[in-house]
Enquirer: 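Below: one structure in structure tokens.
By convention here, the first residue in the shown sequence is residue 1. Excluded from the calculations below are hydrogen atoms, water molecules and symmetry mates; all remaining heavy atoms, backbone and side chain alike, are included. Note that the coordinates shown come from a computational prediction; the quantities given were computed from them, not determined experimentally.
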Amino acid sequence: MVDADGSVGFTAKGLPFVSVTTASAAIGAYLCFYAGRITGVERSLKRNARDGIFNILYTTEAAQKLGAHLYYPGCLSLDRKRTAAAALGTWSRPADMRVAPDRRRWTPSEDRLLLALNNDAAAAKELGRTEKSCYVRLWRLRTRKTPLPAGA
């Protein structure tokens with residue numbers, strides 16, 4: 001899959017990456033599931049606005065893990081991609097580069113409470129989130145950028 005519709009290598013900033021482009025929701029969902037088991041990184045599947053396809057990207061340590069898993073010694077693959085995947089292992093995180101914390105997904109019950117309180121500061125205290133995250137989520141719910149939870 002990565003050999004055919006994906007890319008392996010380094011970004012312009014020197015970060016390792018593995019990406020796949022697909023129009024198939026089934027393939028995209030399976031790739032996110034499978035790669036999530038390998039990397040521990042959860043991806044949301046969303047079509048891009050320009051051409052309606054899925055662009056699934058893994059970077060840094062997740063790309064290293066996925067690349068090593070997919071391009072193991074002796075695997076059947078394109079030489080250039082196998083070589084690129086092997087090069088991913090040479091990267092190490094710079095000391096001054098922070099690690100992004102794991103995302104905390106919004107639950108329907110949190111959405112309902114946020115809508116009921118209708119106050120960023122109060123919701124932040126109640127939900128153990130930042131005011132900014134409550135503000136953005138509330139805006140997304142009000143503008144229907146995010147679907148309303150059942151019962152809201």
Side-chain angles (χ1 to χ4, degrees), residues 1-71 81 84-85 87-152:
M1 174 96 185
V2 174
D3 263 14
D5 294 323
S7 296
V8 179
F10 291 89
T11 66
K13 294 183 178 181
L15 300 176
F17 78 92
V18 175
S19 70
V20 173
T21 301
T22 182
S24 168
I27 290 172
Y30 183 75
L31 178 68
C32 290
F33 164 76
Y34 185 81
R37 290 183 56 204
I38 304 305
T39 65
V41 175
E42 189 177 326
R43 289 284 178 261
S44 299
L45 203 55
K46 186 175 178 186
R47 292 186 186 275
N48 70 22
R50 184 180 58 138
D51 50 12
I53 62 171
F54 301 104
N55 296 307
I56 306 162
L57 175 68
Y58 295 87
T59 60
T60 61
E61 289 88 359
Q64 288 178 309
K65 287 178 189 175
L66 188 57
H69 178 80
L70 296 173
Y71 292 95
K81 292 202 180 179
L88 298 182
T90 65
W91 180 83
S92 59
R93 180 179 290 275
D96 62 342
M97 183 180 186
R98 72 176 188 90
V99 177
D102 290 338
R103 284 178 142 181
R104 183 174 152 202
R105 302 277 180 193
W106 285 87
T107 65
S109 62
E110 288 176 321
D111 284 343
R112 284 190 290 276
L113 181 62
L114 182 61
L115 288 165
L117 292 173
N118 199 30
N119 180 299
D120 310 335
K125 286 180 184 174
E126 186 72 27
L127 296 171
R129 292 183 175 268
T130 65
E131 286 186 37
K132 179 72 173 183
S133 71
C134 291
Y135 171 82
V136 171
R137 184 63 175 191
L138 192 55
W139 175 82
R140 287 180 178 159
L141 289 165
R142 286 178 184 153
T143 59
R144 304 296 194 269
K145 302 273 184 207
T146 298
L148 291 173

Enquirer: Can you measure from OG1 (Thr59) to CG (Leu15) and round to the nearest 0.5 angstrom?
Expert: 6.5 Å
Enquirer: So, for Ala63 and Pro16, which heavy atoms are closest and what is the spacing to 0.1 Å?
Expert: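 For Ala63 and Pro16, the tightest heavy-atom pair comes out as CB-O, 3.6 Å.
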Enquirer: So which atom in Cys134 and which in Asp120 form the shortest heavy-atom distance, rounded to 0.1 Å?
Expert: CB-O, 3.9 Å
Enquirer: Taking C-beta and beyond as the side chain, do Ser133 and Leu127 meet within less than 4.5 Å on heavy atoms?
Expert: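 No, their side chains stay 4.5 Å or more apart.
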Enquirer: Under the criterion side chain to side chain contact (heavy atoms under 4.5 Å, CB included), I'd like the reasoning laid out for Val20 against Phe54: C-alpha separation, chi angles, the key distance, then a yes or no.
Expert: CA-CA 8 Å; Val20 173; Phe54 301 104; over 6 Å; no
Enquirer: Is it true that the side chains of Thr21 and Asp5 contain a donor and an acceptor less than 3.5 Å apart?
Expert: no
Enquirer: Could you grab the distance from atom CG of Leu66 to atom CG of Leu88, nearest 0.5 Å is fine?
Expert: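 Rounded to the nearest 0.5 Å, the CG-CG separation comes to 9.5 Å.
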Enquirer: Are any of the side-chain heavy atoms of Met97 and Thr60 separated by less than 4.5 Å?
Expert: yes
Enquirer: Can you tell me how far the OG1 atom of Thr143 sits from the CG atom of Leu141, to the nearest 0.5 Å?
Expert: 8.0 Å
Enquirer: Check for a donor-acceptor pair, side chain of Lys81 on one end and backbone N or O of Tyr71 on the other, with a separation under 3.5 Å.
Expert: no
Enquirer: As an exercise, state the distance from CZ of Phe17 to CZ of Phe10, rounded to the nearest 0.5 Å.
Expert: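 Separation between the atoms: 9.5 Å.
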Enquirer: Going through the distances and angles, do Trp106 and Leu114 end up as a side chain to side chain contact (heavy atoms under 4.5 Å, CB included)?
Expert: CA-CA 10 Å; Trp106 285 87; Leu114 182 61; 4.0 Å; yes
Enquirer: Flag the pair Arg137 and Glu110 as a salt bridge only when some basic side-chain nitrogen lies within less than 4.0 angstrom of an acidic carboxylate oxygen.
Expert: no
Enquirer: Run the numbers on Ser24 and Tyr30 for side chain to side chain contact (heavy atoms under 4.5 Å, CB included), then give the verdict.
Expert: CA-CA 10 Å; Ser24 168; Tyr30 183 75; over 6 Å; no
Enquirer: Give a yes or no answer on whether the side chain of Arg112 reaches the backbone of Leu148 with a donor-acceptor pair at less than 3.5 Å.
Expert: no
Enquirer: What's the shortest heavy-atom distance between Leu70 and Tyr34, and which atoms?
Expert: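 So the two residues come closest at CD2-CE2, 4.3 Å.
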Enquirer: So which atom in Cys32 and which in Arg43 form the shortest heavy-atom distance, rounded to 0.1 Å?
Expert: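 Taking every non-hydrogen atom into account, SG-CB, 3.8 Å.
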Enquirer: What are the two closest non-hydrogen atoms of Asn118 and Leu138, and how far apart are they?
Expert: OD1-CD2, 3.7 Å
Enquirer: Hey, is CD on Glu61 packed in by over 12 heavy atoms from elsewhere, all under 6.0 Å?
Expert: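 Result for CD/Glu61: enclosed.
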Enquirer: For Arg37, is the CZ atom crowded, meaning more than 12 foreign heavy atoms sit under 6.0 Å from it?
Expert: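 12 or below, so no.
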Enquirer: How long is the straight-line distance from OH of Tyr135 back to CG of Asn119, given to the nearest 0.5 Å?
Expert: 13.0 Å
Enquirer: Between Leu45 and Gly28, which heavy-atom pair has the shortest distance, and what is it?
Expert: CD2-C, 3.6 Å
Enquirer: Hey, mind stepping through Val41 and Lys65 against side chain to side chain contact (heavy atoms under 4.5 Å, CB included) and telling me if it holds?
Expert: CA-CA 11 Å; Val41 175; Lys65 287 178 189 175; over 6 Å; no
Enquirer: Quick one: does any side-chain atom of Arg47 pair with a main-chain N or O of Ala23 as donor and acceptor, under 3.5 Å?
Expert: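 Yes: the side chain of Arg47 pairs with the backbone of Ala23.
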